[in-house]
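Counting from 1, the numbers follow the sequence of the chain as shown.
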Amino acid sequence: MRTGVWFETSVLTIAVFLVLALWSLTTPLYSTVDETRHANSVVRLMEGGGWPAPKTAPILEATELGAREAGRPVTGAKVPGAPEAEGTPAPAPDGPVPADERSSLAGVEGPPSGVVPHLDWMTQHPPGYYAALALPLKAVGADDWRWDHLLLAMRLMSCLFTALAVPFVAGAARVFTRSRAAGLAGGGLILLVPQWFNTSSLVTNDSLLTLLGAALLYAGVRATVRPETLVSSSALGALALGGGLLTKGLMLTAIPVLAVFLLVAGWRAGRTWRQRFWIPLGAGILAFVIGGWWWVRNILVFGTLQPSNFGSGRDPVADPAYSMSSYLDLGIRRLMQTFWGSVRESLTFPQWILLTATVLAALVVVAAFVLSKQRLVLLLTFLYPAFVTGLTFHHSWEIYWNHGRIQGIQGRYLFGGIIALALCVATVWAASLRRRAVGRVAGTVLALAVVVVPVAAWLFSARRLWDGDLGAMVDAGPAGTAVYVLVAAGAVAALVVTAATIVSRFVVETRPADPEPEPLAPTEPAPA
């Protein structure tokens with residue numbers, strides 16, 4: 001990769017990371033049930049507690065303590081079969097405990113005594129993400145830190161995982177269109193999806209899954225567009241698939257996706273029939289050795305692929321409120337909201353913004369299929385988000401059938417497949433480069449959007465989360481005022497540099513080619 005490409009990609013990646021870091025500082029500590037459980041499973045590994053069977057792991061004392069001092073005591077299901085303990089947890093304060101009064105976790109280990117243990121259902125997932133956080137944090141002694149500093153460190157590691165998806169997204173767009181400007185447009189799409197920052201800045205295994213999903217689709221696109229890279233691309237795809245299978249069950253849907261990519265790439269590379277099948281098979285074996293074995297283990301040990309917290313399988317009689325039309329309406333709305341920007345009622349973006357973003361995305365997808373000469377590759381990239389959507393809707397429908405409520409539909413599950421939409425954006429922007437004026441306008445619009453959208457989304461969310469009192473946000477946060485100012489200034493500066501880089505690249509690619517120099521006329525020999 002040329003130096004200029006590295007610079008452009010690095011600028012974009014740094015901007016995404018700093019915006020994610022700003023969201024990490026902004027979102028109230030332990031403000032979602034899932035984050036509490038995700039963090040708890042990291043702490044358990046740091047304490048040497050291993051990976052208990054699903055539905056048996058308790059919330060630990062360190063997590064109970066931190067959540068209580070954050071003003072958000074642990075609630076929810078109790079560990080099945082746990083005896084009723086005497087006493088109750090300390091009452092929750094009116095708000096977060098002041099930063100200088102927060103507890104250190106030194107010597108705080110195991111489940112809390114005198115408290116009925118709450119359930120940590122994250123052990124239904126493989127331990128890959130949690131180990132990726134626990135091992136380095138344990139190595140630097142983070143188990144003795146103040147609980148809010150440990151939680152911030154976990155959040156920042158999630159930010160890093162998610163930001164590292166950017167080179168794969170931009171790289172796939174660049175390889176697909178053979179344009180560095182279009183690559184920046186595809187990668188810049190991430191900055192236009194506020195939910196990317198809203199959820200990926202927290203402690204969640206979806207952050208690592210997003211990175212590995214992007215790496216897998218990049219490998220598939222690279223292998224099919226550049227068949228000479230088939231072997232190295234298949235190796236990268238196998239590593240990403242194996243790591244993803246050790247992270248979350250959604251990556252099971254990527255197994256056929258990678259196989260089809262490699263089969264098509266082998267055909268395009270002119271490989272023999274034997275080679276066309278051995279390369280995907282070899283990739284599958286490598287992925288199984290890394291992480292696929294976990295799912296075979298589940299079947300052997302628990303008799304099911306994934307022992308879900310909510311269970312699976314329909315009851316013989318549907319919920320009295322069951323309605324297929326209502327389910328589809330609610331499910332599609334939920335997917336649209338949680339892809340663009342909503343994780344709780346106070347953070348739901350206005351409906352007209354969500355609808356406009358969805359319609360524009362649909363138009364871009366249609367335009368890309370009309371304009372692209374690589375429609376087969378484009379179609380293959382949509383297989384992963386399509387399979388994920390189908391799987392989540394099916395499981396959510398089972399829950400709705402049983403209980404009459406929508407659960408399990410989250411737009412963030414599609415972030416690992418965001419390359420599909422990024423390729424469409426890149427294709428449309430690459431087409432704009434054919435006309436100098438149109439290309440420069442497109443580049444300018446994109447440059448403005450990658451600054452305005454992230455800043456406006458953060459301001460909207462920060463005001464909603466803290467009722468307009470940003471001072472309270474800093475007081476309740478895990479860092480001092482100076483850190484907030486530095487991160488915010490760094491994020492804005494990085495966005496501005498990204499915008500300037502985009503404009504510069506679009507100017508270069510719309511500049512007319514220098515004319516060929518006139519051949520020199522032969523000189524007449526001098527008279528004798």
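- Note that CG of Leu209 and OH of Tyr413 are 10.0 Å apart. Values are rounded to the nearest 0.5 Å.
- Inspection of the Asp120 and Ser41 side chains reveals an N or O donor paired with an N or O acceptor under 3.5 Å.
- A distance-only check finds no donor-acceptor pair linking the side chain of Thr56 to the backbone of Pro52 [under 3.5 Å].
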**Request:** Evaluate the criterion side-chain contact (heavy atoms from CB on, under 4.5 Å) for residue pair Ile418 and Val169; output intermediate values, then yes/no.
**Result:** CA-CA 8 Å; Ile418 203 169; Val169 177; 3.9 Å; yes
**Steps toward salt bridge (charged side-chain N to carboxylate O under 4.0 Å, His left out) verdict (Asp34, Arg412)** = CA-CA 13 Å; Asp34 281 353; Arg412 69 177 184 271; 3.8 Å; yes
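- With contacts defined as side-chain heavy-atom distances shorter than 4.5 Å, the pair Arg174/Val5 qualifies.
- Applying the side chain to side chain donor-acceptor pair (under 3.5 Å) test to residues at least two apart or on different chains, the pairs with a partner in residues 151-167 are Glu35-Arg155, Tyr129-Ser158, Ser158-Ser207.
- In this structure, the side chain of Ser234 does not engage the main chain of Ala283 through any donor-acceptor pair within 3.5 Å.
- Summarising the geometry of Ala447 relative to Val450, their closest heavy-atom pair is O-CG2, 3.2 Å, with the distance given to 0.1 Å.
- Thr427 places no side-chain N or O within donor-acceptor distance of the main-chain N or O of Ala368, the cut-off being under 3.5 Å.
- Closest approach of Gly237 to Ala219, counting heavy atoms only: N-CB, 3.6 Å.
- Applying the ring pair (Phe, Tyr, Trp, His ring centres under 6.0 Å) rule to Tyr130 yields the partners His38, Trp51; only residues at least two apart in sequence or on another chain are considered.
- Partners of Phe415 according to the ring pair (Phe, Tyr, Trp, His ring centres under 6.0 Å) rule, which considers only residues two or more places apart in sequence or in another chain, are Trp196, Phe339.
- The structure places CD of Gln195 at 11.0 Å from CG of Leu414, a figure rounded to the nearest 0.5 Å.
- Between the Ser504 side chain and the Ala500 main chain, no donor and acceptor come within less than 3.5 Å of each other.
- Side-chain contact between Leu191 and Leu12 is present, with at least one heavy-atom pair separated by less than 4.5 Å.
- With hydrogens and angles disregarded, a donor-acceptor distance shorter than 3.5 Å links the side chain of Thr224 to the backbone of Gly220.
- Listed here is the closest heavy atom pair of Thr177 and Ala182: OG1-CB, 3.3 Å.
- Within the 4.5 Å cutoff, the side chain of Pro167 has no heavy atoms near those of the Tyr218 side chain.
- In this structure, the side chain to side chain donor-acceptor pair (under 3.5 Å) partners of Arg505, at least two apart in sequence or on a different chain, are Glu8.
- Legend: salt bridge (charged side-chain N to carboxylate O under 4.0 Å, His left out) pairs involving residues 163-173, not counting sequence neighbours: none detected.
- With contacts defined as side-chain heavy-atom distances shorter than 4.5 Å, the pair Leu22/Leu18 does not qualify.
- To the nearest 0.5 Å, the span separating CG on Leu133 from CG on Leu45 amounts to 10.0 Å.
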**Message:** side-chain contact (heavy atoms from CB on, under 4.5 Å) for Leu305 and Leu252? Distances and angles first, verdict last.
**Reply:** CA-CA 10 Å; Leu305 198 62; Leu252 290 165; 3.6 Å; yes
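- Residues Pro54 and Gln306 are not in side-chain contact: their nearest non-hydrogen atoms beyond the backbone lie 4.5 Å or more apart.
- Using modelled atom types, no side-chain atom of Ser31 and backbone atom of Thr27 make a donor-acceptor pair closer than 3.5 Å.
- Residues satisfying the side chain to side chain donor-acceptor pair (under 3.5 Å) test with Ser233, not counting sequence neighbours, are Arg222, Thr229.
- Distance check: Leu216 CG to Leu236 CG gives 8.0 Å after rounding to the nearest 0.5 Å.
- Looking at every heavy atom in both residues, Leu286 comes nearest to Ala238 through CD2-CB, 3.7 Å.
- The backbone N or O of Ile353 lies less than 3.5 Å from no partner atom in the side chain of Thr356, so there is not a single donor-acceptor pair.
- Judged purely by atom type and a 3.5 angstrom limit, Trp267 has no side-chain atom pairing as donor or acceptor with the backbone of Arg276.
- At a cut-off of 3.5 Å, with distance as the only test, no side-chain donor of Thr392 or Gln410 sits close to an acceptor on the other residue.
- Within the model, atoms CZ of Arg180 and CD1 of Ile502 stand 13.0 Å from one another, a figure rounded to the nearest 0.5 Å.
- Taking both residues in full, the closest heavy atoms of Phe393 and Tyr327 are given as O-OH, 2.6 Å, listed atom of the first, atom of the second, then distance.
- Residues Ile419 and Leu423 meet the side-chain proximity criterion, which asks for heavy atoms closer than 4.5 Å.
- Looking only at side-chain heavy atoms (C-beta outward), Glu47 and Leu60 come within less than 4.5 Å of each other.
- Side-chain contact, Asp206 with Thr204: a donor N or O sits under 3.5 Å from an acceptor N or O.
- The main-chain N or O of Ala181 is never found under 3.5 Å from a side-chain atom of Trp429 such that the two would form a donor-acceptor pair.
- Judged by distance alone, the side chain of Ser372 and the main-chain N or O of Phe369 form no donor-acceptor pair under 3.5 Å.
- Counting only heavy atoms from C-beta outward, the side chains of Val140 and Trp145 approach each other to under 4.5 Å.
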**Asked** Please walk me through it: do Gln407 and Ser396 pass side-chain hydrogen bond (donor to acceptor under 3.5 Å, both in side chains)?
**Response** CA-CA 6 Å; Gln407 283 183 296; Ser396 174; over 6 Å; no
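- Rounding to the nearest 0.5 angstrom, the gap separating the CG atom in Leu378 from the SG atom in Cys424 is 4.5 Å.
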**Message:** Set out, in order, the CA-CA distance, both residues' side-chain angles and the distance that settles side-chain contact (heavy atoms from CB on, under 4.5 Å) for Lys248 and Leu208, then state yes or no.
**Reply:** CA-CA 9 Å; Lys248 195 164 185 173; Leu208 183 56; over 6 Å; no
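- More than 12 non-hydrogen atoms from other residues, nucleotides or ligands lie less than 6.0 angstrom from CZ of Arg268.
- The two residues Pro126 and Thr247 have their closest heavy-atom pair at CD-O, 3.6 Å.
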**Request:** Give the intermediate values and the outcome of side-chain contact (heavy atoms from CB on, under 4.5 Å) for residues Leu150 and Val43.
**Result:** CA-CA 9 Å; Leu150 174 59; Val43 172; 4.2 Å; yes
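- A cation-pi arrangement, defined by a distance under 6.0 Å to the six-membered ring centre and an angle within 45 degrees of its axis, is absent between Arg274 and Trp278.
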